[in-house]
Amino acid sequence: MPILQTLSDTLHGHKNTTDKTLVPASSPTEAKKPVFDHNDVTVIFVLGGPGAGKGTESAALVEEYDFVHLSAGDLLRAEQAREGSQHGKLIAEYIREGLVVPMEVTVKLLENAMRAALSDGHSETNPRPGWHNGKGRFLVDGFPRKMDQALKFDEEVCLSSFVLFFKCPEEVLLQRLLERGKTSGRADDNEESIKKRFKTFVETSMPVVDYYRTQGKVIEIDSTPPPAEVHKAVKTVMDATFAIAKAPLQG
Ligand code: AMP
């Protein structure tokens, strides 16, 4: 698969222009520093089965807490549709089969999107206290869906703060997705793809939730009730953490 060789050329965004002749090769034991410092950049992962309400709830949280919402699925669909993308066909196949797209693609797309959002950041015409001086806060939805992504992102992009995990029974998820499929136009909102997505979620993504659970980083929310009720439950959790989000800057 040519994905590793072509990735840096084809994914738009940051290019590593470092002159390699000027820097000594790092030793294999040398720990890599993440691109973003978690003291400045807050990353909250939003996980849950397909149809659990990750996107709906993330969108509701954006306004209130000044987050930027990045959906891994949306970034992949945009990359798939981007003219000239060498990964379009591969992404389409993985999405249709309900499989996890190779991490090199997904992690790079997220890193690029974070970099772009941070460079927009705070300005006089758009004052955003939480985005001042290189600071920022992201809701990263639908990511990480596999252990390799989780480890790579935490080690190389930014150490995540915690995980919002939306739990909901499969029967409810199936009904929601079939209903959504009537209007979404998504290639994977059909019964065959949905069942594959459930399987991938249980086998590949739940271990990620369990991994973060062992680190005490998972906040579990029952997302069976209607969105307004789920939002209330999430707000209670978030208020404790981000109550100062809209407070005026000190100094
Ligand atoms: P979603 O929009 O979150 O429902 O995701 C739709 C599809 O995009 C998934 O079934 C995967 O094929 C792909 N996808 C979404 N998020 C990821 C991810 N973090 N890593 C790899 N593939 C993903």
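- Residues passing the salt bridge (charged side-chain N to carboxylate O under 4.0 Å, His left out) test with Lys232: none are found, sequence neighbours excluded.
- Minimum interatomic distance between Ser193 and Asn190 (heavy atoms only, all atoms of both residues): N-OD1, 2.9 Å.
- Contact annotation: the side chain of Leu76 approaches that of Thr106 to within less than 4.5 Å [non-hydrogen atoms, C-beta and beyond].
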- Take Val157 and Leu110 through the test side chain to side chain contact (heavy atoms under 4.5 Å, CB included) and record every step on the way to the result. CA-CA 9 Å; Val157 181; Leu110 278 172; over 6 Å; no
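- With sequence neighbours excluded, the residues satisfying salt bridge (charged side-chain N to carboxylate O under 4.0 Å, His left out) with Glu203 are Lys199.
- Leu177 belongs to a hydrophobic cluster whose remaining members, ordered by chain and number, are Leu173, Leu174, Leu178, Ile194, Phe198; membership requires side-chain heavy atoms of ILVMFWY residues under 4.5 Å apart, directly or through intermediates.
- Cluster annotation: Leu109 is connected to Leu151 through the hydrophobic network of ILVMFWY side chains, with a link wherever side-chain heavy atoms come within less than 4.5 Å.
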- Report the C-alpha distance between Gln149 and Val208 in whole Å, list the side-chain angles of each, state the deciding distance to 0.1 Å, and finish with yes or no for side chain to side chain contact (heavy atoms under 4.5 Å, CB included). CA-CA 9 Å; Gln149 301 182 344; Val208 175; over 6 Å; no
- Verify salt bridge (charged side-chain N to carboxylate O under 4.0 Å, His left out) between Arg82 and Glu79, making sure each step is shown before the conclusion. CA-CA 5 Å; Arg82 188 172 65 83; Glu79 177 62 20; 3.0 Å; yes
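- Identified under the salt bridge (charged side-chain N to carboxylate O under 4.0 Å, His left out) test for residues 40-57, with sequence neighbours left out: Asp40-Lys135.
- Using a 4.5 Å cut-off on side-chain heavy atoms (C-beta onward), Met114 and Val35 make no contact.
- His231 is listed as a side-chain neighbour of Glu64, based on a closest heavy-atom distance under 4.5 Å.
- Atom CD in Gln80 sits 10.0 Å away from atom CG in Leu90 (nearest 0.5 Å).
- Not counting sequence neighbours, the partners of Glu97 by the side chain to side chain donor-acceptor pair (under 3.5 Å) test are Lys196.
- Hydrophobic clustering (side-chain heavy atoms under 4.5 Å, transitive across Ile, Leu, Val, Met, Phe, Trp, Tyr) keeps Val43 apart from Leu159.
- The ring pair (Phe, Tyr, Trp, His ring centres under 6.0 Å) contacts involving residues 135-154 comprise Phe45-Phe143, Phe45-Phe153, Trp131-Phe138, Phe143-Phe153, where partners must be two or more places apart or lie in separate chains.
- With hydrogens and angles disregarded, a donor-acceptor distance shorter than 3.5 Å links the side chain of Arg137 to the backbone of Tyr65.
- Note that the CG atom of Leu61 and the OG1 atom of Thr56 stand 11.0 Å from one another [nearest 0.5 Å].
- Contact record, Pro144 with Leu47: O-CD2, 3.5 Å, taken as the closest heavy-atom pair.
- Applying the side chain to side chain donor-acceptor pair (under 3.5 Å) criterion to Asp210, with sequence neighbours excluded, gives no partner residue.
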- Item | side chain to side chain contact (heavy atoms under 4.5 Å, CB included) between Val68 and Arg128, worked out | CA-CA 12 Å; Val68 161; Arg128 305 174 73 195; 4.0 Å; yes
Please output the side-chain donor-acceptor pairs of residues 221-228 that fall under 3.5 Å, not counting sequence neighbours, one pair per line with the distance.
residue: Asp222; atom: OD1; partner: Thr224; partner atom: N; Å: 3.0
residue: Asp222; atom: OD1; partner: Thr224; partner atom: OG1; Å: 2.5
residue: Ser223; atom: OG; partner: Ala52; partner atom: O; Å: 2.9
residue: Ser223; atom: OG; partner: Lys167; partner atom: O; Å: 3.4

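- Atom CG of Asp141 is separated from atom CZ of Phe67 by 12.5 Å, given to the nearest 0.5 angstrom.
- Residue pairs meeting the salt bridge (charged side-chain N to carboxylate O under 4.0 Å, His left out) criterion with at least one partner in residues 142-153, sequence neighbours excluded, are Lys152-Glu156.
- Annotation: side chain to side chain donor-acceptor pair (under 3.5 Å) contacts of Arg176 (sequence neighbours excluded): none.
- The two residues Ala72 and Gly142 have their closest heavy-atom pair at CB-O, 3.6 Å.
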- Query: Please walk me through it: do Arg197 and Thr200 pass side chain to side chain contact (heavy atoms under 4.5 Å, CB included)?
  - Reply: CA-CA 5 Å; Arg197 290 158 71 194; Thr200 301; 5.6 Å; no
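- Residues Lys195 and Glu191 form a side-chain contact, since some pair of their non-hydrogen atoms from C-beta on lies under 4.5 Å apart.
- Residues passing the side chain to side chain donor-acceptor pair (under 3.5 Å) test with Asp188, sequence neighbours excluded: Arg186.
- Formation of a donor-acceptor pair under 3.5 Å by the Asp154 side chain with backbone atoms of Ser160 is found in this model.
- Members clustered with Val100: none, using a 4.5 Å side-chain heavy-atom cutoff among hydrophobic residues.
- One finds the CZ atom of Phe36 at 5.5 Å from the CD atom of Glu111 (value rounded to the nearest 0.5 Å).
- For the pair Val105/Ile91, a side-chain contact is recorded, criterion being any heavy-atom separation below 4.5 Å from C-beta on.
- Atom-to-atom distance recorded for Ile44:CD1 and Lys217:NZ is 11.0 Å, nearest 0.5 angstrom.
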